[in-house]
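Heavy atoms only: backbone and side chains are in, while hydrogens, waters and symmetry mates are out.
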Amino acid sequence: MNASTQSSTQPSIQEMLAKARTALQGIEHYSQEQIDALVRAVGKMVFDNAEELAIDTFEETEMGNIKDKTLKNQGKSRNVWNYLKGKKSVGIIEPKNDQGMVTIAKPVGVVGAVIPTTSPVMTIMCNAMFALKGGNSLIVAPHPRAKKTTLKATNMINAELKKLGAPDNLIQCIAEPSLPLTNELMSSVDVLVATGGPAMVAAAYSSGKPSFGVGAGNVQTIFDSGIDHNSAASKVITGRAFDNGIICSGDQTVIAPRSEFASVIAAFKANGAFYSDDQNIADKFRKVIFENGYNTKEVVGQTVQTIAKLAGVEVPEDTRVIMLKSNGDADDVLRSEKMCPVLAAFEYDTLDEAIAIARANLEIKGKGHTCAIHSNSEENIAKIGLALPVSRVAVNEPASLSVGGSLKNGFIPTGTLGCGSWGNNSISENFNYKHMINTQRIGYTQDDKYVPSDAEIWG
């Protein structure tokens with residue numbers, strides 16, 4: 001991995017900030033076409049170099065797998081650009097309407113972004129594309145375990161921007177990250193985007209700057225009665241196994257009807273799951289996956305075989321996910337998020353009971369994030385969605401491959417999923433370029449507009 005295009009000497013945050021503001025001036029009068037050319041260049045670079053950057057990420061972080069990281073880099077770059085192209089984001093974005101209002105987009109300024117170790121390439125790409133779409137500059141703070149990959153991706157982005165005549169330092173990266181530098185960045189930029197663990201997100205919200213953060217994932221997946229068990233199990237396993245389970249929107253728990261539970265488990269086994277309802281075996285996995293309620297670093301993004309070996313449990317070589325029956329206790333750690341290819345299983349008698357199980361698990365972790373529903377009933381889908389405190393509901397799809405946006409649904413493509421007040425976040429939607437612009441509104445008085453009487457207003 002070669003990151004030599006940026007000096008190894010780490011400039012101060014204030015020096016980086018000054019360069020970022022100079023770069024802002026350089027694109028201040030860019031047309032929408034010029035802005036979009038920059039945005040496209042970022043996405044296309046990641047798309048064209050998806051495998052190389054996936055290899056870099058895997059070699060540095062030792063999490064996930066190269067095949068899925070490559071697919072993630074390709075898919076997300078494709079989806080984000082497809083969403084962004086053609087959308088107005090600079091200058092007058094809405095001409096005078098029938099209410100006499102004109103809407104103008106203006107940059108938020110210098111954006112700071114904290115990049116997670118679990119997804120350095122995709123996250124920096126999304127943040128750069130959204131920031132540039134709004135005419136902003138960006139400074140990123142990498143995770144120390146992914147600093148080489150993040151720096152390399154930054155340098156590759158800048159090389160493409162330079163080909164378009166863009167000013168230097170539109171995108172900058174802290175080459176030697178540290179907690180003091182990240183904290184100073186967070187308190188110095190105009191707007192902050194924090195994609196990472198709860199402690200980092202909390203620090204972002206305490207920085208004194210407008211911030212966009214994310215909450216923890218713990219996707220509850222409910223199987224309604226009467227569905228195709230094989231199809232649903234195949235989808236859940238595909239999503240749970242993807243990149244060895246490090247995606248925050250991955251299915252975590254399967255809650256299935258008691259009357260159909262044996263058929264559901266058979267379907268999971270047929271699709272590559274190792275299932276056990278033996279609590280002695282489950283305890284072995286609990287001990288290696290969790291420590292003091294948190295995932296141990298030894299299992300995050302690791303293979304099924306690695307996790308099973310750590311637990312001292314033999315599983316078939318072709319196993320894709322581990323599925324463990326919960327003991328049903330309120331404090332069962334399997335109810336929480338597992339950043340590895342492991343699922344917890346629950347049974348229910350009524351849909352209300354299924355909802356209660358999902359809600360109880362979300363109260364432990366993941367409130368505000370996502371749930372998944374496999375159902376043929378619009379009524380039941382609506383009932384579950386109305387009852388649960390989540391910002392996204394995936395229907396008959398793997399959560400990890402759908403709620404971050406795809407070409408076949410309406411979720412906005414992104415790498416940052418807001419969880420609303422449930423997850424102590426400022427937004428409950430998918431973070432996107434609209435959060436990277438200030439909107440100015442010009443209002444014209446309409447003398448000929450009908451003014452209703454008090455009797456009409458209050459009648």
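In the model, Gln446 has no side-chain atom that pairs as donor or acceptor with a side-chain atom of Gln99 under 3.5 Å. Remark: the Asp251 side chain and the Thr221 side chain contain an N/O donor-acceptor pair separated by less than 3.5 Å. A donor and an acceptor atom, one from each side chain of Thr103 and Thr439, are nowhere located under 3.5 Å apart.
A donor-acceptor pair under 3.5 Å links the side-chain atoms of Asn396 to the main chain of Ser375, judged by distance alone. Checking side-chain atoms of Asn409 against main-chain N and O of Ser402 turns up a donor-acceptor pair under 3.5 Å. A donor-acceptor pair is defined here as one N or O able to donate and one able to accept, closer than 3.5 Å; such a pair exists between the side chain of Ser89 and the backbone of Lys133. Proximity of a side-chain donor or acceptor of Ser77 to a complementary backbone N or O of Gln74 within less than 3.5 Å is detected. Of the possible polar contacts, none joining the Arg78 side chain to the Lys44 backbone as a donor-acceptor pair under 3.5 Å is found. Checking side-chain atoms of Glu52 against main-chain N and O of Asn49 turns up no donor-acceptor pair under 3.5 Å. In terms of modelled atom types and a separation under 3.5 Å, the side chain of Glu15 and the main chain of Ser12 share a donor-acceptor contact. Remark: the backbone N or O of Met101 is paired with a side-chain donor or acceptor of Asn97 at under 3.5 angstrom. Judged purely by atom type and a 3.5 angstrom limit, Gln10 uses its side chain to pair as donor or acceptor with the backbone of Glu176. Side-chain N or O atoms of Arg145 include none that pairs as donor or acceptor with a backbone N or O of Thr118 at under 3.5 Å.
With rounding to the nearest 0.5 angstrom, the OG1 atom of Thr117 is 12.0 Å from the NZ atom of Lys147. Separating the CG atom in Leu17 from the CG atom in Asn169 is a distance of 11.5 Å, to the nearest 0.5 Å. With values rounded to the nearest 0.5 angstrom, Ile289 atom CD1 is found 6.0 Å from Ile307 atom CD1. Annotation: the span from Asp352 atom CG to Ile384 atom CD1 amounts to 10.0 Å, rounded to 0.5 Å. Taken to the nearest 0.5 Å, the CG atom of Asn380 stands 10.0 Å off from the CD1 atom of Ile222. We find the CD1-CG distance between Ile66 and Leu71 to be 12.0 Å, quoted to the nearest 0.5 Å.
Contact of the Glu337 side chain with the Gln252 side chain is registered, since non-hydrogen atoms from C-beta on lie closer than 4.5 Å. You'll find the side chain of Met339 stays beyond 4.5 Å of the side chain of Val299, heavy atoms only. Between Pro413 and Asn82 there is no side-chain heavy-atom pair separated by less than 4.5 Å. At least one side-chain heavy atom of Lys88 sits under 4.5 Å from a side-chain heavy atom of Gln32. Side-chain contact between Ser249 and Leu417 is present, with heavy atoms from C-beta onward closer than 4.5 Å. Within the 4.5 Å cutoff, the side chain of Pro142 has heavy atoms near those of the Cys173 side chain. The side-chain heavy atoms of Phe130 and Val193, taken from C-beta on, include no pair separated by under 4.5 Å. Put simply, the side chain of Lys76 reaches to within 4.5 Å of the side chain of Met125, judged on heavy atoms.
For Lys367 and Glu363, the salt-bridge test passes: some basic side-chain N is under 4.0 Å from an acidic carboxylate O. The pair Asp329-Arg335 does not meet the salt-bridge criterion, since no charged nitrogen lies less than 4.0 angstrom from a carboxylate oxygen. Under a 4.0 Å N-O distance rule, the pair Asp190/Arg21 qualifies as a salt bridge. Under the 4.0 Å criterion applied to side-chain N and carboxylate O atoms, Asp243 and Lys67 are not assigned as salt-bridge partners.
Both tests do not hold together for Lys87 against Tyr433: distance to the six-membered ring centre under 6.0 Å, angle to the ring axis within 45°.
Atom CD of Glu51 has 12 or fewer neighbouring heavy atoms from other residues, nucleotides or ligands inside a 6.0 Å radius. By the neighbour-count criterion of 12 heavy atoms within 6.0 Å, atom CG of Leu164 is densely surrounded, having more than that number from other residues, nucleotides or ligands. At most 12 heavy atoms of other shown residues, nucleotides or ligands fall within 6.0 angstrom of atom CZ in Arg40. Heavy-atom neighbours of Lys209 NZ from other residues, nucleotides or ligands within 6.0 Å: above the threshold of 12.
Among all heavy-atom pairs drawn from Leu310 and Val288, the shortest one is O-CG1, 3.4 Å. Heavy-atom minimum distance, Pro341 versus Ala241: CB-CA, 4.4 Å.
The side chain to side chain donor-acceptor pair (under 3.5 Å) test with Thr416 is passed by exactly one of Thr195, Asn425, Asn432: Thr195. With respect to Asp56, the side chain to side chain donor-acceptor pair (under 3.5 Å) criterion is satisfied by exactly one of Lys148, Lys152, Lys69: Lys152.
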Inset, instruction - Kindly indicate, with the supporting measurements, whether the criterion side chain to side chain donor-acceptor pair (under 3.5 Å) is fulfilled by Ser326 and Asp332. - result: CA-CA 7 Å; Ser326 172; Asp332 185 3; 2.7 Å; yes

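The stretch residues 382-429 participates, sequence neighbours left out, in no ring-ring contact (aromatic ring centres under 6.0 Å, His included) pair at all. Among residues at least two apart or in separate chains, there is no salt bridge (Lys or Arg N to Asp or Glu O under 4.0 Å) pair with a member in residues 112-131.
Every residue two or more places apart in sequence or in another chain that forms a ring pair (Phe, Tyr, Trp, His ring centres under 6.0 Å) with Phe212 is listed here: Phe431, His435.
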